[in-house]
Peer 1: 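The following block contains the structure, expressed as structure tokens.
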Amino acid sequence: MNKEKVIVAEGLTKRFGDFVAVDHISFEVSKSEIFGFLGANGAGKTTAMRMLCGLSIPTSGKALVAGYDVFKDTDNIKNSIGYMSQKFSLYEDLTIRENIRFYGGIYGLTKKQIQDKTSYLVDHLHLQNHQNSLVKSLPLGWKQKLAFSVAIVHDPAIVFLDEPTGGVDPVTRREFWELIYDASERGITIFVTTHYMDEAEYCNRVSIMVDGRIEALDTPKALKINYDSASMDEVFLKLARKAVRGE
Amino acid sequence: MKQFFAFVKKEFYHIWRDKRTLFILLGMPITQIIIFGFALTNEVKNSKMAILDFSKDVSSHELIQKISSSKYFDVSNVLTRYDEVEPLFKKGKIKVVLVIPQQFSNELLHANQTKLQLICDASDPNVANTIVNYATAIIKDFQNTIVQDQKLPYRIETEVRMMYNPELKGAYSFVPGVMALILMLTCAMMTSIAIVKEKEMGTMEVILVSPLKPFRVVLAKAVPYMLLSMVNVITILLLSVYVLDVPISGNLSLLISESLLFTITSLALGLLISSITDSQQVAMLISLMGLFLPTTVFSGYMFPIENMPLPLQIMSNIVPAKWYYYIVKTIMIKGLGFTYVWKETLILIGMTVVLFAFSIKNFKTRLA
């Protein structure tokens, strides 16, 4: 694994007054890796992710995202990343085509690029018959897949997924992960937070955050061996139980 | 810039898809103007009047003729005794009673002096006042016709000229008021709701992660409502000129520019509201309670600010609509130019700058 590093964090810290939300975390993510970012609620996942997305300035430490500094180069970072939040992030009162056009538009794609992307996505997701229907008329699973496709419509170096599969049935979740593998094969790095431990198993490497620190970071297989557990569920419980911080 | 337009376009889709809101937005000025213009007038027409005529002579007859022929009064009852007055008032049949004394004609012609009595139902003080004024005016007119051919030693005649609104039409003050109200509502409430909606839906997060600058996002959300408000301004002006006969005496482009300025002030208020709340309901409540009410009460078009207690008068100064109302009245009704409203314009600009500074600061601290 001597690949190009797209995320490098060193001693990244965020303090809110006396409260240390993220406490000196260090890790690296390589190009086209699927990196699982786990942790109980309140462990500091979201804060860490916001710093990497350029939404929040770290208190101290260093981090490079797609080669850009999170302190100085947030504009360049924003151009090189995609983002999909736990809340469903498409516009319900816009059609599929309009959503794609809008997100393509705010990332500065040309008209031609948007057209190509739209027809590619519509084909790829088998939405030919629905491209002009409003997003609110689609089933949740489709919306989620579409939201992911729209998040990478500008071919970013990294896509951040914040609990992308909340409330989706296992079959759709599986299909969703196929899209993720697809994107990873095309060279997009995936940075994903999740509460589902079966999803953690799909990741190349997994980090587990407890109380603002990264307690463990390895491949799912190695983690299971190290913590003498049969599943990621068990690994997670063993680590998360150490947490002092509440929700 | 292209990103910006992509955003504005999307915003228009939102507005266009939500037909009901669009209908309300564009229909509101029309209904308001029609309601305020026709239903809510200060004029009191056809008030029921009872006459208690003790003299029954030529002069009293002439006076009654004169009163009943005016559009303000309907003589509905002719009474003969004092004790008939009270029951009529109690039943609510009449608004006013004119009592003519026995020696009316005699005294008037020979003693050169007589008295009349007006008894009025003052349960609604404004109406009572208006009715009494109308009646007194008619009586005075009647007196003048008698006095005409006589030489009096001293006589002061007041010639009243009602400047800017000779017919004393209510619409002259309602139109500027409705303009202030509608602009405030469409801009402040709709922008704040539109922004908060993105927060609620979770799309705001995605947009903030995108390369679009937060300031541009906010601006892009505001632009469509600004255009809609301008459509509303034009609608109101057209209605007021062609339906209510309220002319635009001043410079039209100055009036439109001042309206644009007020739109921006309202937008800034809407931004501030959207930066302090995360839910559409709260945004709507704050807009209604915090904007609608002060705008109606303190802009001066419903209740004269001069009559308010001093603390309220001071408070009214922080209501942007008060200044806009003054500006519109000055330009549209009085027909005066910029030299007469530059101070108010400066105040509005100042308010806008402060509001923008506040909301941007709020917006940024929420992000960090």
Peer 1: Under 4.5 Å from any heavy atom of chain B, what part of A/Y103 do you find: side chain, backbone, both or neither?
Peer 2: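 A/Y103 touches chain B through side-chain heavy atoms alone.
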
Peer 1: Taking the six-membered ring for Trp, is the centroid-to-centroid distance between A/F35 and A/F27 below 6.0 Å?
Peer 2: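 That pair passes the under 6.0 Å test.
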
Peer 1: Would you call B/K199 and B/D278 a side-chain contact if the rule is heavy atoms closer than 4.5 Å?
Peer 2: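 SC-SC contact between B/K199 and B/D278 confirmed.
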
Peer 1: For A/L94, is it the side chain, the backbone, both, or neither that has a heavy atom closer than 4.5 Å to a heavy atom of chain B?
Peer 2: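 Its backbone and side chain both get close to chain B.
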
Peer 1: Which bit of A/L109 comes within less than 4.5 Å of chain B, counting heavy atoms only: side chain, backbone, both or neither?
Peer 2: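 Backbone only.
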
Peer 1: In plain terms, say whether B/K213 and A/D75 are close enough for a salt bridge, that is, a side-chain N and a carboxylate O under 4.0 Å apart.
Peer 2: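 Salt bridge present between B/K213 and A/D75.
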
Peer 1: Please classify the contact of B/E200 with chain A as side chain, backbone, both or neither, using a heavy-atom distance under 4.5 Å.
Peer 2: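 Backbone only.
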
Peer 1: State whether A/E10 and A/K5 are salt-bridged, where the test is any N-O pair (Lys NZ or Arg NE/NH1/NH2 against Asp/Glu carboxylate O) under 4.0 Å.
Peer 2: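 Salt bridge flag = no for A/K5 with A/E10.
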
Peer 1: Can a donor-acceptor pair be found between the side chains of A/T172 and A/Q144 at a distance below 3.5 Å?
Peer 2: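 Judged by distance alone, the side chains do not pair up.
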
Peer 1: Give the member of B/A6, B/P211, B/G202 that has the highest number of heavy-atom pairs under 4.5 Å with chain A.
Peer 2: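 Looking at each option in turn, the highest pair count goes to B/P211.
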
Peer 1: So which part of A/T74 gets closer than 4.5 Å to some heavy atom of chain B, the side chain, the backbone, both or neither?
Peer 2: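 Answer is neither: A/T74 stays 4.5 Å or more from chain B.
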
